[in-house]
There are 2 protein chains.
Amino acid sequence: MNEKTTETGAGRRELLRARLIDIAQETIAAQGLAGLKARDLAAAAGCAIGAIYTAFDDLDELILRVNARTLARLETALDRALGDAEAEQALQVMARTYLDFARAEEPSWRALFEHRLPPGAAPPQWYVDARNRLFNRLDAPLSRLLPGTGHWAREAFARTLFSAVHGVVALGLEEKIAETPPKLLDDQLEKLVRIIADGLMMESARLI
Amino acid sequence: MNEKTTETGAGRRELLRARLIDIAQETIAAQGLAGLKARDLAAAAGCAIGAIYTAFDDLDELILRVNARTLARLETALDRALGDAEAEQALQVMARTYLDFARAEEPSWRALFEHRLPPGAAPPQWYVDARNRLFNRLDAPLSRLLPGTGHWAREAFARTLFSAVHGVVALGLEEKIAETPPKLLDDQLEKLVRIIADGLMMESARLI
DNA sequence: TCAAAAAATGAACTATGTTCACGACCTGGT
DNA sequence: ACCAGGTCGTGAACATAGTTCATTTTTTGA
């Protein structure tokens, strides 16, 4: 009984789904979102084009699955980095980890932001949840830096902070001509976060 | 001599170019980058599909022309806002103007960042220049805020600052589910810039 | 006035996501 | 063991893109 090679039954469909996500993930990691083609995907998975559409509604859903995995890896990287970090260094560590992740997995990371749903389509709940989990990672460190701040305000500012760091990383890695030199980008991000941390301290001091 | 309606000679080609850019600009402003289709464009311009390719190398070139105009409008908005602003408010004014512009011309503004050249292709020099002009707008205000900073450092930080503001605006207007409430986004951007300005003051104070 | 050069034309080509009629296959009941 | 019914996979065909190119039309310059 070689149930390993010739799986049958309800698991068959799930197996195809997993295989397609795996291949799509590799393709996006290697060639970016634009490198993902339905026909190539089918060929690599050894199935017909139409089979993709029995496993997924469309390529968008498949891309969201790949993006969810990328988000999960990013979360893991942030958690690991934050695990062994001083509280006052948490912001620096997070920003730097984000930059490192973007560099290490640039095409996959880019796919998170390049991908657009067709106009009017709402992303599925499971994807929204994955995104929110990422923002929530920033909440704990921020609460140690900003005690006495309400949940609402902290959550909003966590998002703002993430957005600012993301902007610096995104435009810094954009290579429309000459990408920002790595060392310069490192320094600029570190400087920005330091300045923000200083500004936050002043903000707190004013309230005392 | 109705040279107005039936222009002939060397200007004819230039006329078609201008018409196509105008129509593409309107299309992108109304329906975003994804709404720009070669066939619709030709129909609206009253020419054959092939004529587009006698006026431009490809649609990418046309899009870059439209984007250059958007950059120019953004520059104008920044200049006007900075014209009547106190030096110490320059950063706030710029950030707010950028947010207002993005809101007022969201599809056009989005096209600036959504558009991707085919891999390996370098953007033409005239487009690079247009982009750099934008960053240079931030240099003058920054030099008043950070006297004694070298040209290099100021230019680099201007870019970083722009990137941070852009990140907050870009992710704030992203409406993958529920766009950030306008008032909240206003406040968050104002808060971030205030914190950065405070942090910059501390930075300066340390050096004295 | 006309021949050569330039531009415009639009059908055709390529590439891509998606659908669908058909056939193969699995499942459960007998 | 076998069959009926449903599910799944197939790949040709469809829809929609950008782009090309042989042909036709227009413009130019002598």
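Because only heavy atoms are used, hydrogens play no part in the values below, and waters and symmetry mates are left out as well, while side chains stay in. Quick caveat: nothing in here was measured; it's all calculated off a predicted structure.
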Result of checking B:L184, B:T180, B:L192, B:L189 against A:T160 for side-chain contact (heavy atoms from CB on, under 4.5 Å): B:L192
Using whole Å, what does the distance between atom [atom2] of nucleotide [N] and atom [atom1] of [X] come to?
X	N	atom1	atom2	result
B:E14	C:dA7	CD	C1'	14 Å
A:D57	C:dC20	CG	P	14 Å
B:D58	D:dT20	CG	P	8 Å
A:I52	C:dC20	CD1	P	17 Å
A:L15	D:dT7	CG	P	20 Å
B:R116	D:dG18	CZ	P	18 Å
B:I63	D:dA17	CD1	P	14 Å
A:Y53	D:dA13	OH	P	18 Å

Which one, [options], comes nearest to the side chain of [X]?
X	options	value
A:L16	C:dG17, D:dG9, D:dG18	D:dG9
B:A38	D:dT19, C:dG17, D:dG11	D:dT19
B:K37	C:dA11, C:dT9, D:dG18	D:dG18
B:T54	C:dA8, C:dT18, C:dG10	C:dA8
A:L59	C:dG17, C:dA8, D:dG11	C:dG17
A:I49	C:dT9, D:dG11, D:dG18	D:dG11

[Y]/[X] salt bridge by N-O under 4.0 Å criterion:
X	Y	answer
A:R159	A:E155	no
B:E174	A:R116	yes
B:D187	B:K183	yes

First of A:R39 and A:C47 reached from the 5' end of DNA chain D, by closest nucleotide: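 Comparing both residues, the 5'-ward one is A:C47.
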A:R80 atom CZ, over 12 foreign heavy atoms within 6.0 Å: no
Sugar-phosphate, base or nothing in reach of B:L41, heavy atoms under 4.0 Å: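 Nothing: the residue B:L41, judged by heavy atoms under 4.0 Å, touches no strand.
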